[in-house]
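Just so we're on the same page: letters track the sequence lines, and every chain starts at 1. Here the structure is a predicted model, which is why all the values come from computation and not from measurement.
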There are 2 protein chains.
Amino acid sequence: MDMTPRKEKILAAVVESFIRTGEPVGSKTLMGELDFRVSSATIRNEMADLVEMGYLEQPHTSAGRVPSTLGYRYYIDKLMNKLEMNKDESESIEKSVASGRGDPEQLLEKAGEVIARLTNCAAITTLPAGEQACVRRAEFVPVSNRTAMVVLLTSAGTLKSKACRGDMPITQQTVERFYAVCAAHFLGKPLEEIGTVMLQTLVASLGEYALEMSPYFVALADLANEALKSDVLLEGQSNLFNHRELSGSVPDIMELLRKGEPLSKLLSAGEKDGLNVKIGTENEYKQLSNSSVIVSRYNVNGSRSGALGIIGPTRLNYAKLIPYMQFISGVVGKILSETLED
Amino acid sequence: MDMTPRKEKILAAVVESFIRTGEPVGSKTLMGELDFRVSSATIRNEMADLVEMGYLEQPHTSAGRVPSTLGYRYYIDKLMNKLEMNKDESESIEKSVASGRGDPEQLLEKAGEVIARLTNCAAITTLPAGEQACVRRAEFVPVSNRTAMVVLLTSAGTLKSKACRGDMPITQQTVERFYAVCAAHFLGKPLEEIGTVMLQTLVASLGEYALEMSPYFVALADLANEALKSDVLLEGQSNLFNHRELSGSVPDIMELLRKGEPLSKLLSAGEKDGLNVKIGTENEYKQLSNSSVIVSRYNVNGSRSGALGIIGPTRLNYAKLIPYMQFISGVVGKILSETLED
DNA sequence: GTTAGCACTCCAAGCTAACGAGTGCTAATT
DNA sequence: AATTAGCACTCGTTAGCTTGGAGTGCTAAC
């Protein structure tokens, strides 16, 4: 069976009506929403075809139709008219986001808040990735007799620290040795190279000081690792409660979001032109089979860097939200570019 | 009407049975759980008295009895026998918690995880408070032409940092001035003294460099403020979903927990001997009127320092969980004392 | 003071009927 | 050949009703 212009119009009308109301859409309702006049019987025939083609589903025999994953997909890829944002709106959004200017973490947090508020969804954001980052600076601050703070600053602007307890008292020599080793083995090194292997050879080369110094370098390597996997921020989780159709799965979704790793996986999906939409069962996590995820990447100084995303019901107002996400990721990218390079 | 030993036994049995099963307790059920034999009619009479006295409630005329807030309170204060923890258990708990040794944040996070797992509740923890902490160290790390990381380390071991964008290019002089001003006005100063007033006089005294330098000191003061309000960690939020009786209020509770301020308020309540239990309507937040909060403070080197808490339904196994909380806060205090002072 | 007995209350679960929205099909119409 | 009116049919939802059982409060006897 072939797709016809009329079928497309009907499909679009079903999707839009369902997005608006959340109720299955019947043939009579649809009559009032189409820009051409046909009888409900005709619409029923067409809808039956669309069901057969896999674009619509019916919850039960005597109910209206609901878009399937495939239906949403077709709508988004071919039928949807993105809503233009008006000037006032975009300016006010930009102002809100820009209030987090200065510190990347603060900025992304702010952006997440804004997104969560605008979309009534859970917002996830990643900090600029540190993939090609290297060690810019390492500090060693004694806190007590046997404890020191080890601090790592990367070229991507990430700062990580850890308190670390050694087995021997810390002396002035300890501090000096730390900085000497850092200068020789860490400073300027890409984070990726600081792995267990590198660490082992380093410890071996420490000779008699290995026992004294190794805890601190182990800590430093830990920090490098943490800095490498870009942090994910989560905002507006509780918005999920506002969507009736998710009610049953909110606990499962939250459980999924609690762990960092699935989150970064979700966000790393952004491919073509920085925007990616995963609808319902297109998601690899089955907890999200009733949800949609919209991810938009942002670029800092021209290279792909991090991403903003939302998680909500499949029944999202894509025509409105997709432009939002693109706009906000643009703003974030712009502000970060200004902040980090200048 | 007076409390009698028999009434006390009946109250305790009702509370314990209800905690165990979650079902209202009837007079017949109770017969089997008391260590003396009386008829169900007698128990009914006594229970009617307990209702009148405010210790029990009945959901409706023909249902069993449920403990009221007052009933729980009486049980916890006068009737409860704390369960002893067995050796194996306490050792394994201590080992789990101790795996976070080294870094305070990591430790408290670990402790929160352990608590959440053991209690099936949401766990909240605070890092050691920085109340009397002072500025131990400040660092200024240029990241780009106009942006620098400002880093603050307190004597309590808290490390905070912020990227900060100035209005003028950063030069070697900027850096030197920063450290000079820090040495003169920040190092060694109690965090509490670094407020807006102090900042204003400082900026005034900067003279011609005010414009160039003030953003960094504003950032530094921000950091001091952040370090002052002790951070709160939240673990096992999703455990709340496991309690049927909370189902309706989980969204409200999560919304409450999302904000930092109510959290620290909850935790700061711990008074007498470090342990505090707030039952149902005893909580000042109405979202928690069906929940109980158990808070146990921990001490670092003898002075009250931070707290661990759980949030769950009123129907908590207090006799088991209170010892847990006391034990874990003891472990946390011990480990932190070792780490921070030595 | 305690207990057996009994009438009473009230929730929960299951059943039925009425309803209404929406469908699929058929036969008539354009 | 496509469209439409008409109609019987399906199925979920809601309301009302019944039944069963758990538990109570009261009274009278012990």
Side-chain angles (χ1 to χ4, degrees), chain A residues 1-11 13-15 17-18 20-68 71 244-245 247-248, chain B residues 1-11 13-15 17-18 20-68 71 244-245 247-248:
Chain A
M1 196 164 323
D2 285 346
M3 192 49 114
T4 65
R6 194 169 71 178
K7 282 195 172 57
E8 287 189 336
K9 280 191 175 177
I10 290 176
L11 174 56
V14 171
V15 172
S17 172
F18 184 72
R20 203 161 359 92
T21 68
E23 299 293 323
V25 189
S27 51
K28 266 190 190 150
T29 320
L30 224 42
M31 274 209 298
E33 317 217 340
L34 290 170
D35 58 357
F36 53 89
R37 281 211 45 85
V38 284
S39 74
S40 63
T42 308
I43 297 177
R44 277 204 290 283
N45 287 331
E46 295 284 54
M47 289 207 294
D49 289 350
L50 286 168
V51 169
E52 199 179 331
M53 294 160 79
Y55 295 120
L56 296 180
E57 289 168 352
Q58 33 190 347
H60 50 90
T61 7
S62 74
R65 305 308 209 285
V66 161
S68 67
R244 187 106 44 91
E245 58 264 58
S247 60
Chain B
M1 197 164 324
D2 286 347
M3 192 49 113
T4 65
R6 195 169 68 178
K7 281 193 172 61
E8 287 189 335
K9 281 192 176 177
I10 290 176
L11 174 57
V14 171
V15 172
S17 171
F18 184 72
R20 201 160 2 90
T21 67
E23 299 293 324
V25 189
S27 50
K28 266 191 189 148
T29 320
L30 225 41
M31 276 210 296
E33 317 218 339
L34 291 169
D35 58 357
F36 52 89
R37 282 210 45 84
V38 286
S39 74
S40 65
T42 308
I43 296 176
R44 276 204 292 282
N45 288 330
E46 296 282 52
M47 289 208 294
D49 290 349
L50 286 167
V51 169
E52 198 180 332
M53 294 160 79
Y55 295 119
L56 296 180
E57 289 168 352
Q58 34 191 346
H60 50 89
T61 9
S62 74
R65 304 309 208 285
V66 163
S68 67
R244 185 108 42 93
E245 59 264 57
S247 60

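For residues 46-57 of chain B, proximity to DNA chain D is found at B:Met47, defined as any non-hydrogen atom under 4.0 angstrom from a strand atom.
Residue B:Thr61 is in sugar-phosphate contact alone, with no base atom involved, counting any heavy-atom pair closer than 4.0 Å across all strands shown. At the heavy-atom level, A:Ser27 lies under 4.0 Å from the strands shown only through sugar-phosphate atoms.
You'll find the side chain of B:Leu34 reaches within 4.5 Å of the side chain of B:Ile43, heavy atoms only. Looking only at side-chain heavy atoms (C-beta outward), B:Glu33 and B:Ile10 stay at 4.5 Å or farther from each other. Residues B:Lys7 and B:Asp49 meet the side-chain proximity criterion, which asks for heavy atoms closer than 4.5 Å. Contact of the B:Arg6 side chain with the B:Thr42 side chain is registered, since non-hydrogen atoms from C-beta on lie closer than 4.5 Å.
Of the candidate nucleotides C:dT3, C:dT23, D:dT4, C:dT3 has the atom nearest to the side chain of B:Ala41.
For B:Asn45 and D:dT27, the CG to C1' distance is 11 Å, given to the nearest whole Å. The nearest whole Å value for the distance from the CZ atom in B:Phe18 to the P atom in D:dG23 is 14 Å. The distance from atom CZ of B:Arg6 to atom P of C:dG1 is 10 Å, rounded to the nearest whole Å. Here the P atom of nucleotide D:dT3 and the CG atom of A:Leu34 are 13 Å apart, to the nearest Å. Taking atom NZ of residue B:Lys28 and atom P of nucleotide C:dG5, one finds them 11 Å apart after rounding to whole Å. Between the C1' atom of C:dA12 and the CD atom of B:Glu23 lies a distance of 12 Å, rounded to the nearest Å. Rounded to whole Å, the distance from NE2 on A:His60 to P on D:dT10 is 15 Å. C:dA21 atom P lies 14 Å from atom CE of A:Met31, rounded to whole Å.
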**Derivation and outcome, side chain to side chain contact (heavy atoms under 4.5 Å, CB included), residues A:Gln58 and A:Met47** = CA-CA 10 Å; A:Gln58 33 190 347; A:Met47 289 207 294; over 6 Å; no
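Within 3.5 Å, no donor on the side chain of B:Arg65 pairs with an acceptor on the base of D:dG25, nor the reverse. The base of D:dT10 lies close enough to the side chain of A:Ser62 for a donor and an acceptor atom to sit less than 3.5 Å apart.
For the side-chain contact (heavy atoms from CB on, under 4.5 Å) criterion with A:Lys9, the lone passing option out of A:Asp35, A:Thr4, A:Val14, A:Leu30 is A:Asp35.
For B:Pro59 against B:Val66, the heavy-atom pair with the smallest separation is CG-CG2, 4.1 Å.
Put simply, B:Gln58 has a side-chain N or O that comes within less than 4.0 Å of OP1 or OP2 on D:dG25.
Along DNA chain C, the nucleotide closest to B:Pro59 and the one closest to B:Arg44 are compared, and the more 5′ of them pairs with B:Arg44.
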